[in-house]
Amino acid sequence: MLLTVVIFLPLLAAGVLLAFPRIPSRAAIGVWVAASAVDLALVGWMWWRFESGEGASGVVDGLAYEADVQWIPTVDAGYHVGVDGLSLPLLALTGVLFLACAIYSLREPDRPHTYAALFLFLQTACLGTFASLDLILFFVFFDLSIVGMYFVIAGWGHGNARRSALKFFLYTFIGSLALLVGFIGLFLGSEERTFDMVALAENPPLADSPVAGGLVLLAIGLGLAVKTPLFPFHTWLPDAHTDAPAAGSAVLAGILLKLGTYGFVRIAMPILPDAWQRWAMVAVVVGVISVLWGAFVALAQTDVKRMIAYTSVNHMGYVLLGLGAAGLVASADEEARTVATVGAMYQMVSHGLLTGALFLLSGVLWSRGHTYAFDRWGGLARPAPVFAACFAIAAFGSLGLPGFSGFIAEFQVFTGALQAAPVATVIAVVGILVTAGLFLLALQRLLTGDTVVPSEPDPDKPGEGPGPERTDGGTATTTQPRTATRMKDLRGHELAAIIPLLLLALVLGLLPRALLDVLEPAAMAVVQLVSR
Amino acid sequence: MTGMSGGSERVLALLPELLLLLGAVSGLLLGLWTPQHRQWRVRLLVTAACLASAIAAAAALSEPAERVFEGTWVIDTTTGVVRIVVALGVAVLVWLASASLAGHPRETEAYVLMLLGGLGSIALAASGDLLLLVAGYLLASVPLYALAGFAKDSAGVEATMKYYLMGAFVGVLMLIGVAALVLAAGTTSYLDLAAQLPEASPALLAVGVLGVLAGVAFKAGAVPVHFWVPDVTAGTTPPMAAYLTTIPKIGAVAAAFRLLAEPFADVPLDVPLLVAVIAAASMTLGNLAAFNQTDVLRLLAYSTVSQVGYLFMVVAVAARTDLAVPALAIYLAGYAVTNIGAFAAVAAAPAARTITDWATAVGRHRWLVVSLVVCLLGLVGTPPTAIFIGKLAVFAAAWDGGLAWLVVIAAVNTVASLFYYLRWIAPAFAGVPAAPSMQEGAGSGPRTAAGTAQRTRRGVPTGLLHGAAVMSLLLGLGSGWWLAFALST
């Protein structure tokens, strides 16, 4: 019941916002912040009360806050939700990141009601996906997250937003349809004809038909790979990110990409253990290619946001490397495979926090100068020291500096994967070097040297981010003083959104046990289920 | 041959159909003695007849399946579902049409024809005999010719001519098919055909199967006899277009389903493969043709062609899997609701013919846009709408029936269909700025696209659009309930 409240509370708030369009704009965002905060508090309460159990526990047992209601009895699909060590961290991440986006958008001037309602709708979709224990329910929320994000990009994006949104929708919709086909395959392959994940994981379907199992895994893997995104299905990602509003990018990278990787851990591995073992090397290879491809292409970008977008491909590659290594049962012991899985899960949370912060920071650049191009910015450390500090912290965290969550994650992925796939792991470490190089390069270009700020103020929207000098709806008509060439430092609400994300990344880097205690039993359960 | 009643036929088994017939006759009589401006009475009467028929059909759902009138009229789950959906659909469409028909000199006639066409659709679905199938085909066709050209304008007349000529041609094909089957098996009853046809001459059988399937495919608007769909849809008024693309299709798909499940189940030809090819062709060609349409009615017309493709997937596996009947039950209901909703969106802005006009016309009514988005994404099959559940069930059934390749084609087509629905959603959602169209139309008088399209028709169509959107969601979320209800025999 509590979990259901957590999932649908944002949707309720969205309904309230749409039903009462007369709520003042600021209050509408206030409702959004409040709803997200309450939701996060409830998730926090769930975490507090959560018993992670002894030994391997999760996926098929040790599910907390379970609810199971029949929905379509003819195909045994139902509203089955629950929380275990795999989903709880991601639920918490969703809560944190959406709250950060709400605070960041406090001064959103453009149709704030619909904007807030869409984000709340998205939050429900994401929470629902993570909590689902039924394939159809998972698919429902998974698909709704695509729909919500489409409208965010199309309605509030900049640049070629409509085109990017369409590309995003079509691409990920192909993925979701492949996923649906795979789910139907699981349903028809299972003995008792069910869509229930727990039942399917307990009694894996298609165990004795390797071809069918492989094809179904191919369909599911394709669907999740588009969402994750893995090379070569990543091409929607840079466009969608570049043209999305900052909060949209943060949610897209921080949460929506995790829907893909989470699907691998929750569905592909436990339900198709046989096929996953057989094809684990493919996952490893695709992961390593994504690591390198993402890193090198990011290095070549001339646009801050595109660069961050490609580092997401790189970071998701580590996740796949870890998960693939977990399937190489023959060449590694259970200990190592568990470490790899834990690392992959840790990376999901860590990437959500750090990349979310990076995208919000790049949104600050856009609001000040309407460009992400590296050559239009420079020496920002002088006029905007707080921005510079935050950007530097996020960048260092993202490149895997010890002390931040990213280090713990990548370290465990490499440790766990080394035994099973030594060559792949060594190649992937190169990715770390390239990422470090590109982040340092970005820092250098943006923060050091002579101060360069986009010179000509945008003709129709001077100094975006409607500051105190702008009243609602009216564009400031006073002559724009040449302050447009001065970079304003982070405002209060921007700080309040970004600092907690960085702090959390730091806490998870220094005190990893808080998260590991929850993750480890579930990861162990996944590994044991895979090695059946 | 269970359920064959003896000499004393249960006339009351046909109560839902009788109520519709009664509504048609008494509506005609009432209309004769009613002044032109009070014809809403007929509308009420017709609606009441439809609702009564639906209730009677719902009450009959829980009874065991039976065949009445010497096996010619089958009453089972499929018939029950079609009865309910058609009766409710006609009731809703009468109100949708009332927005443009109120005060029309031939208002009563329109309502009566709509009822009779609905009756024909049910007859198609319920027929357990080839001759009744032909009769149902005619009853579901002749009133529709009149309805298509009801406005008597040049576009409508052209649409009617195309519809009529094609209908007459395919009708002949169908009669040839029936004749061939009778020659082959010596009987017209489905049950006897099912027993006789496996031993029949393959050539005769092939002619028969092709002819009969051509007839039902024409009514369903499936490829290759779909050419009437876009022309008729675009030539007639939006409410009539909604009627023509919803009511007869439901009956025809159910008829095809019964044909595949009973007489053609064990024939030596691979009829399921033929139907699967028809399904694949319908969804693919419908989608490809819809890509570049800017006219909302033509876009929806091709979308209905592709929807029939998905419906024919379950027809193909009618005899092969237990999942087929539930899939048909949910998809038919979902299709009817969602399709009527999409056409109601067109009817809400009757002057707007193109996508941009429509977006301009609805302007700031964002709830209209929200409902449109729900309906169009519903047609795509986005969860949790009814067609999503329908597609899920249909895909599962088709795969279970050994047509996994068709499922892949259908999935690809679903993605493709998203593209053209988004072409409508995107401008509507973004709210087309009034400025560009104003500039284009500047100087060309008040009858510019933006000028005429600015008017939306409030009231019934918008209400129906919202109702359909809500219903589509409710049917999706309550699909378990609906299936439990529909399959409660």
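Just so it is clear, the values below take in all heavy atoms, side chains as well, and ignore hydrogens, waters and symmetry mates. The sequence lines fix the lettering, A, B, ..., with proteins before strands; numbering per chain opens at 1.
Of the two parts of Leu18(A), the backbone and the side chain both hold a non-hydrogen atom closer than 4.5 Å to a non-hydrogen atom of chain B. When heavy atoms are compared at a cutoff of 4.5 Å, Leu392(B) approaches chain A by way of both its backbone and its side chain. For Val373(B), the part lying under 4.5 angstrom from a heavy atom of chain A is the side chain only. Both the backbone and the side chain of Ile174(A) come within contact range of chain B, with heavy atoms under 4.5 Å apart. In this structure, the portion of Val147(A) lying under 4.5 Å from any heavy atom of chain B is its side chain and not its backbone. With a 4.5 Å cut-off on non-hydrogen atoms, Phe173(A) touches chain B through its backbone and its side chain both. Residue Leu170(A) touches chain B through both its backbone and its side chain, counting heavy-atom pairs closer than 4.5 Å.
In terms of heavy-atom pairs under 4.5 Å with chain A, the best-connected choice from Pro384(B), Ala411(B), Pro326(B), Ala404(B) is Ala411(B).
Classification of the Phe388(B)-Phe139(A) ring pair by plane angle, with boundaries at 30° and 60°, yields parallel.
Qualifying side-chain contact (heavy atoms from CB on, under 4.5 Å) partners for Met149(A), counting only residues two or more places apart in sequence or in other chains: Leu122(A), Val152(A), Ile153(A), Phe168(A), Val251(A), Leu252(A), Leu256(A). Residues satisfying the side-chain contact (heavy atoms from CB on, under 4.5 Å) criterion with Val470(B), sequence neighbours excluded, are Leu474(B). For Ala58(B), the side-chain contact (heavy atoms from CB on, under 4.5 Å) test picks out Ile84(B), Phe485(B), with sequence neighbours left out.
With a 4.5 Å cut-off on side-chain heavy atoms, Leu311(B) and Val315(B) do not count as touching. With a 4.5 Å cut-off on side-chain heavy atoms, Leu483(B) and Pro73(A) do not count as touching.
In this structure, Leu332(B) CG and Phe257(B) CZ are separated by 9.5 Å, a value rounded to the nearest 0.5 Å. The structure places CG of Leu259(A) at 6.5 Å from CZ of Phe138(A), a figure rounded to the nearest 0.5 Å.
Around the CZ atom of Phe20(A), the shell of radius 6.0 Å holds no more than 12 heavy atoms that belong to other residues, nucleotides or ligands.
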For chain B against chain A, give me the donor-acceptor pairs closer than 3.5 Å, one per line with atom names and distance.
residue   : atom : partner   : partner atom : Å
Trp71(A)  : O    : Gly480(B) : N            : 3.1
Trp71(A)  : NE1  : Gly476(B) : O            : 3.1
Trp71(A)  : NE1  : Leu477(B) : O            : 2.7
Thr114(A) : OG1  : Arg366(B) : NH1          : 3.4
Arg193(A) : NH1  : Asp400(B) : OD2          : 3.4
Arg193(A) : NH2  : Asp400(B) : OD1          : 2.9

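Checked against a 6.0 Å centroid threshold, the rings of Phe195(A) and Phe183(A) do not count as neighbours.
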